[in-house]
Colleague: 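Questions regarding the structure given below will be posed in turn.
Atoms considered below: every heavy atom in the structure, side chains included; atoms not considered: hydrogens, waters and symmetry mates. All ligand and atom numbering here is 1-based and tracks the order in the structure.
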Amino acid sequence: MKVFKFGGASVKDAESIKNIVSIIKNEGASDTLVVVSAMGKMTNAFEEVINSYYNKLEDLPNKLNFIEEYHKGVMSALFDKEDEIYKEIDVLFGELGWFLARNTSTRFNYVYDQIICFGELLSTKIISAYLTKIGQNNVWFDVRSYIKTDSNYRDAKVDWELTKELITSKVDATKINITQGFIAANDTENTTTLGREGSDYTAGIFAYCLNAENVTIWKDVPGVLNADPRVFKDTTLLQQISYEEAIEMAFYGASVIHPKTLQPLQSKEIPLLVRSFINPKETGTKISKGANLEPLIPCFIVKKNQILVSISALDFSFMVENNISYIFKKLHDFQLKVNLIQNSAISFSVCIDNKFNKFDAFYNELKDEFKIEVQKEIDLYTVRHFTDNAIAKIEEKGSALLTQVNKETIQIVLAEN
Ligand code: ADP
Ligand code: ASP
Ligand code: MG
């Protein structure tokens with residue numbers, strides 16, 4: 001069995017849906033499980049709904065209307081007016097309206113997951129119905145009955161044992177299966193999510209549980225490039241990469257693959273193919289066991305909008321185990337993700353992501369106990385297989401605040417010019 005994953009950009013409008021449906025027909029007409037994200041930027045649009053709902057803003061009906069019109073606009077280009085799909089989509093909007101009217105919870109992360117999931121439910125219903133319409137049998141299922149997690153809303157952890165049992169007993173591996181990425185459920189049937197951009201990870205979960213032959217994630221780029229094409233002008237396609245290399249790249253911020261996707265695949269040696277949905281004839285990038293990086297060139301990864309924090313003791317004492325472990329506990333409590341650590345005798349520096357907007361609370365908690373220097377809006381550049389030339393290319397972008405070098409990797413924290 002094969003696993004395919006199509007992200008938002010690949011299903012953003014009716015033309016795109018026709019394109020991926022032809023890819024499914026040509027390359028995955030049976031024995032395929034297809035994981036799909038919400039259409040285009042719909043997850044962002046649902047985040048706006050959540051914000052308006054949670055803060056009781058007047059623009060909520062407009063925000064909802066935008067989403068409904070978007071989906072119905074795409075549907076009108078794919079289906080006749082009488083098609084059954086309209087009823088199914090109305091049922092989903094009905095469920096969403098029911099939740100918005102009945103919910104009494106004020107827990108933001110819980111509310112977020114119960115609303116955000118509709119993006120994936122809508123997109124997969126539409127794609128499944130379109131496949132059926134063109135005569136391609138397929139099975140749609142609600143992934144929330146297959147992938148089970150804990151109740152850590154918005155960043156839920158998979159219950160592997162239960163998930164494996166459910167997937168292996170319920171998926172018909174001979175069919176074309178269509179399901180949602182990103183979303184899951186806890187043991188009380190509430191929706192949970194695996195973190196933004198988590199659909200790649202969903203594909204990895206299914207592939208692991210089904211012992212898939214391979215996973216293909218279809219992207220708007222030719223494959224994994226040696227640098228983010230949005231930041232660097234000249235990029236080169238990497239034809240093959242080892243799991244270790246790809247894990248390092250994803251971990252340091254190469255956003256083409258969700259970082260959690262690779263480990264389950266690596267443990268069963270299931271190759272991950274990254275291919276272009278724009279040029280599906282091209283082979284793209286193959287990530288597999290022990291594969292040497294080909295071509296062997298420097299790879300550039302950037303994480304934007306980081307915070308560099310340097311912490312030292314108020315009484316001039318050294319930064320040692322007990323205060324460092326205390327600071328780490330606080331970083332964890334405030335969900336601040338550490339991307340780089342540097343320690344000297346008297347100060348401890350970390351470069352962090354403020355994804356959950358809790359940095360100020362963290363700062364306030366520690367500011368009376370430590371001397372804290374903060375530099376916001378900085379970038380973290382990581383270069384794998386660096387050369388002098390590659391380092392110079394980064395350093396011309398701004399002033400380096402901190403540099404860390406390992407055998408294969410250099411990391412530079414930079415304030416842009
Ligand atoms: P999806 O549609 O699956 O959500 P994403 O938009 O999350 O896809 O990921 C694809 C994007 O990742 C590309 O359009 C590209 O801008 C960006 N990207 C960042 N780093 C890389 C890289 N090293 N190679 C290829 N693409 C990259
Ligand atoms: N739709 C979700 C998001 O935009 C999940 C994904 O696309 O991977 O974050
Ligand atoms: Mg994405």
Colleague: Mind checking whether G198 has a heavy atom under 4.0 Å from ligand 2?
Modeller: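 Judged by the 4.0 Å heavy-atom criterion, G198 does count as contacting ligand 2.
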
Colleague: Do the charged groups of D155 and K260 touch, with an N to O distance under 4.0 Å?
Modeller: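 Salt bridge: yes.
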
Colleague: Give the atoms of ligand 2, by number and element, whose distance to some non-hydrogen atom of S37 is under 4.0 Å.
Modeller: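 Near S37, the atoms of ligand 2 are 6 (C), 7 (O), 8 (O).
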
Colleague: Going by the atom numbers of ligand 2, which of them fall below 4.0 Å from some non-hydrogen atom of T43?
Modeller: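 Result: 1 (N), 2 (C), 3 (C), 4 (O).
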
Colleague: I'd like to check the ring-ring contact (aromatic ring centres under 6.0 Å, His included) partners of Y146; sequence neighbours left out, ordered by chain and number.
Modeller: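 Checked Y146 against ring-ring contact (aromatic ring centres under 6.0 Å, His included); matches are F141.
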
Colleague: Salt-bridge test for K87 and E82: reply yes if a basic N is under 4.0 Å from a carboxylate O, no otherwise.
Modeller: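 Not counted as a salt bridge, because no side-chain N and carboxylate O are separated by less than 4.0 Å.
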
Colleague: Kindly state whether the ring of F348 and the ring of F328 have centres lying under 6.0 angstrom apart.
Modeller: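 Ring centres of F328 and F348 closer than 6.0 Å.
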
Colleague: Taking the Mg ion (ligand 3) as the center, what protein N, O or S atoms are found at less than 2.8 Å?
Modeller: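 Protein N/O/S atoms under 2.8 Å of the Mg ion (ligand 3): E197 OE1.
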
Colleague: Which of the atoms in ligand 2, numbered in the order shown and given with their element, are less than 4.0 Å from a heavy-atom of F182?
Modeller: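 Listed by number with element: 2 (C), 5 (C).
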
Colleague: Under 4.0 Å from any heavy atom of A227, which atoms of ligand 1 are there?
Modeller: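 So the atoms of ligand 1 that pass are 22 (C), 23 (N).
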
Colleague: Does any N/O atom on S199 come nearer than 3.5 Å to any N/O atom on ligand 2?
Modeller: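 Yes, S199 has an N/O under 3.5 Å of an N/O on ligand 2.
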
Colleague: Look at atom 3 (C) of ligand 2 and find which of H258, K41, R196 reaches it with the closest heavy atom.
Modeller: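 Closest candidate by heavy-atom distance is R196.
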
Colleague: Give the contacting part of D220 toward ligand 1: side chain, backbone, both or neither, where contact means a heavy-atom distance below 4.0 Å.
Modeller: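 Just the side chain.
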
Colleague: Considering only heavy atoms of G7, which atoms of ligand 1 have at least one such atom less than 4.0 Å away?
Modeller: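 Close to G7: 1 (P), 2 (O), 3 (O).
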
Colleague: Any salt bridge linking E161 with K148? Criterion: basic side-chain nitrogen under 4.0 Å from a carboxylate oxygen.
Modeller: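 Looking at K148 together with E161, the answer is no, because their closest N to O distance does not fall below 4.0 Å.
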
Colleague: Starting from atom 17 (C) of ligand 1, locate the nearest protein heavy atom and write down its residue, its atom name and how far away it is, to 0.1 Å.
Modeller: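 Here the closest protein heavy atom is R230 NH2, 3.6 Å.
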
Colleague: Counting only heavy atoms not in K175 (residues, nucleotides, ligands), do more than 12 fall under 6.0 Å from its NZ?
Modeller: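 It does not: K175 NZ has 12 such atoms or fewer within range.
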
Colleague: Side chains of N339 and D353: do they bring a donor and an acceptor to under 3.5 Å?
Modeller: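 Result is yes, a qualifying pair exists.
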
Colleague: State whether a side-chain donor-acceptor pair under 3.5 Å links N186 with T188.
Modeller: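 The criterion, which ignores hydrogens and geometry beyond distance, is satisfied for T188 and N186.
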
Colleague: Would F108 and Y54 count as a close aromatic pair, with their ring centres under 6.0 Å?
Modeller: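 Centroid separation for F108 and Y54: below 6.0 Å.
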
Colleague: Does a side-chain N-to-carboxylate-O contact under 4.0 Å join K2 and E213?
Modeller: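 So K2 does not pair with E213 through a salt bridge.
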
Colleague: Side chain, backbone, both or neither: which applies to M42 and ligand 2 if a contact is any heavy-atom pair less than 4.0 Å apart?
Modeller: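 M42 to ligand 2: no contact under 4.0 Å from either part.
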
Colleague: Name the option, out of A254, G223, A246, C299, that contains the heavy atom nearest to atom 25 (C) of ligand 1.
Modeller: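 Ranked by closest heavy atom to atom 25 (C) of ligand 1, first place is G223.
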
